[in-house]
Amino acid sequence: MATKGHLFIISGPSGAGKSSLLSRILKKRPELRYSVSYTTRPPRGDEQDGVDYHFISEDAFRKKIEAGELAEWAEVHGCMYGTSAKYVDEALAAGQDVLLDIDVQGTKRLVVRYPEAISVFITTPNVEELKKRLMKRGTDSSSAAELRLKAAEVEMTQAHLYDHVVVNDDLNQTVSRLETILEKAYLNG
Ligand code: ADP
Ligand code: 5GP
């Protein structure tokens, strides 16, 4: 029987660089499975349905909650986000390693369900840099960016809940640090 896979939770304030980091690591390590979340938020920029998120209506999202299809879910910045229980359970049971990009509330719920999950908090050297990155990305309206910045300040106080905190200063170095965390998890079984 295959060994159970590892579950890696990536969190951090919006704009910290999680998507950039994940797309790099998934290219370098195609054996990793990325859990595509469900969300009620509309697509942003060139995001694709089924790749970045499964974009669904609030009604469809509520049905998933009622049917027990979500391993965790949370309301973030006024929209709902949730993780498919089936996707994660099947991948782990098949011995595959799974990466998730979820918020702090979701992490708290997920570590109850998967106590062996390894959690990594991605942050920026300071709040100014976070502001700069959110502006540079330019895919949020100014009110949405404002909301994300306010939430970021609260989220940054939660970093201590994570197994690892990685400051995403130079992206290449951040990719290497995440790879080191993955390697360490493999060595620990
Ligand atoms: P998140 O997924 O955490 O919301 P993104 O990956 O969308 O963040 O990154 C936000 C912006 O910051 C993007 O424009 C991205 O290109 C940029 N960025 C990501 N990592 C770095 C970095 N280490 N240094 C400078 N800019 C970065
Ligand atoms: P964004 O709208 O910028 O893609 O994501 C906003 C926030 O929602 C980020 O903090 C991201 O980690 C979080 N998020 C994305 N998917 C999920 C999910 O399935 N569950 C939870 N709890 N948070 C999620």
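Every number for a ligand or one of its atoms is a count from 1 in the order of the listing.
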* May I ask you to list the atoms of ligand 2 that are less than 4.0 angstrom from any heavy atom of Arg148? => 1 (P), 2 (O), 3 (O), 6 (C)
* To do: Ignoring hydrogens and angles, state whether a donor on the side chain of Thr107 or Ser11 is under 3.5 Å from an acceptor on the partner side chain.
  => yes
* Structure fact -> So for Asp169 against ligand 1, with non-hydrogen atoms under 4.0 Å, the contacting part is backbone
* Structure fact -> A student checking ligand 2 against Arg41 at a 4.0 Å heavy-atom cut-off should list atoms 1 (P), 2 (O), 4 (O)
* Asked: Looking at Ala74, which atoms of ligand 2 are within less than 4.0 Å of one of its heavy atoms?
  -> 22 (N)
* Give a yes-or-no answer on whether the side chains of Tyr114 and Asp89 include a donor-acceptor pair shorter than 3.5 Å. => yes
* Structure fact -> Candidates Ala16, Ser14, Pro13, Ser20; heavy atom nearest atom 19 (C) of ligand 1 found on Ser20
* To do: Identify which of Val76, Thr107, Asp101, Thr39 has a heavy atom lying nearest to atom 11 (C) of ligand 2.
  => Asp101
* Run the salt-bridge test on Glu129 and Arg133 with the 4.0 Å N-O cut-off and return the result as yes or no. => yes
* Atoms in ligand 2 with a heavy atom of Gly106 nearer than 4.0 Å -> 22 (N)
* Polar contact flag for Glu47 and ligand 2 (N/O pairs, less than 3.5 Å) -> no
* Structure fact -> If you compare Tyr38, Tyr81, Trp73 by their heavy atoms, the one closest to atom 8 (O) of ligand 2 turns out to be Tyr81
* Can you tell which of Gly17, Gly15, Ser19 gets a heavy atom nearest to atom 2 (O) of ligand 1? -> Ser19
* Which ligand 2 atoms does Ser14 reach within 4.0 Å, using its non-hydrogen atoms? -> 3 (O)
